[in-house]
Number of protein chains: 2
Amino acid sequence: MAMENNTERFEKLLVKNGLKRTTPRLQVLEILSGRDSATSQPYLEQVMGKDADRVTLYRVLQAFEEKGIIHKVLDQQGTANYAICSDGCSAHEHHDEHVHFNCDNCHKIYCLDTVKIPALKVPSGFKVEHLNLIATGICASCADKVN
Amino acid sequence: MAMENNTERFEKLLVKNGLKRTTPRLQVLEILSGRDSATSQPYLEQVMGKDADRVTLYRVLQAFEEKGIIHKVLDQQGTANYAICSDGCSAHEHHDEHVHFNCDNCHKIYCLDTVKIPALKVPSGFKVEHLNLIATGICASCADKVN
DNA sequence: GCTTTATTTGCAACATAATTGCATTAATAT
DNA sequence: ATATTAATGCAATTATGTTGCAAATAAAGC
Ligand SMILES: [Mn+2]
Ligand SMILES: [Mn+2]
Ligand SMILES: [Zn+2]
Ligand SMILES: [Zn+2]
């Protein structure tokens, strides 16, 4: 049983979502999946360099978000960060209601998939659709380094 | 017992924080205090028009935020919105850890001062400093209009 | 009130993020 | 191999935010 490689997986993912198998798209998937935290748009742009136009990157990210392949998290400065959706997300509905942790030191954004956002009691009349919780502080990795 | 008017209150607020009583500053306080929800930077810029330069507006907002007079909330699109701090906020510490509600219909952001953000259990190693919770959905006012 | 001083403002320039229209290119279906 | 449709690249434009510096002005001191 041969371990399916990344590129094959990604190609299937694109086809499944009716997206053509193009270099910029595979590249974005490759980059995002190789990181343990969300990836900022500026970082992606820098890493891709001249391999793809800025506009193409924006369009790839938008398409992926719409299809439920990635989700966007805005950090405390309002910068867009992207992370691969764990599963269960589709074009029709995202299921990324986990907490995000924005480290004040390394500025990484971690998807805390195991931490669900507690339900909330809001004033009468308000109808809550989604909850978006970002915790800030020091991440495990940075806390380690200080010691 | 004469009811103290807004301008007098705002002048005192500025003096207390070591800020000079200037027209743009009073204008921003006037606008923000006259609204029931947070106010976006673009809206402020539009309302102030040529009364103040864009840069001045940015600097006024920054000074107010530093002094604990207002707090900034980023909406789902990453747009900066500002609201007057209820109280207890100072240059040294903000106490605005209430939930914010971003209406999908009218796009207003309400400070739900009465709704505190529940404490959170995060993976070991992570040290939470602040929590920032934005709920999206339909606000009370918009829900009413539909009926 | 007039002068001094420190703060604040306005302007110009710049930086970055994001969007749009359109012609060209490339992926897939036949 | 060709046709069709989707995707890309490029140029131009918009929006947001920042910086440096000279001019204006608020507040303090006389
Ligand atoms: Mn996430
Ligand atoms: Mn608030
Ligand atoms: Zn960190
Ligand atoms: Zn509303």
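Below, chains carry the letters A, B, ... as their sequence lines are ordered, and counting in each starts from 1.
Identified under the salt bridge (Lys or Arg N to Asp or Glu O under 4.0 Å) test for residues 56-71 of chain A, with sequence neighbours left out: none. The side-chain hydrogen bond (donor to acceptor under 3.5 Å, both in side chains) pairs that include a residue from residues 110-127 of chain B number zero, where partners must be two or more places apart or lie in different chains.
Here the side chain of Asn132(B) pairs no donor or acceptor atom with the backbone of His130(B) at under 3.5 angstrom. Judged by distance alone, the side chain of Asp51(A) and the main-chain N or O of Pro24(A) form no donor-acceptor pair under 3.5 Å.
In this structure, the separation between CG on Leu120(A) and CG on Leu112(B) is 8.0 Å, given to the nearest 0.5 Å.
The side-chain tip of Arg35(B) points at the ring of Tyr43(B) from less than 6.0 angstrom away and within 45° of straight on.
Legend: residues meeting salt bridge (charged side-chain N to carboxylate O under 4.0 Å, His left out) with Lys108(A), ordered by chain and number and at least two apart, are Asp36(A). Listed by chain and number, the residues in a salt bridge (charged side-chain N to carboxylate O under 4.0 Å, His left out) with Glu45(B) are Arg54(B) (sequence neighbours excluded).
Comparing Thr56(B) and Glu45(A) against DNA chain C, the residue whose closest nucleotide sits nearer the 5' end is Thr56(B).
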(request) Produce a footprint string for nucleotides 17-30 of chain D: one letter per nucleotide, 5' end first; B if the base is under 4.0 Å from any protein heavy atom, S if only the sugar-phosphate is, - if neither. (result) BBBB-----BS---

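Bounding nucleotides for the chain B contact on DNA chain C, 5' to 3', at a heavy-atom distance below 4.0 Å, are dA6(C) to dA12(C).
Within the 4.0 angstrom heavy-atom criterion, no nucleotide atom of any strand lies near Ala63(B).
To the nearest angstrom, P of dA6(D) lies 17 Å from CZ of Phe64(A).
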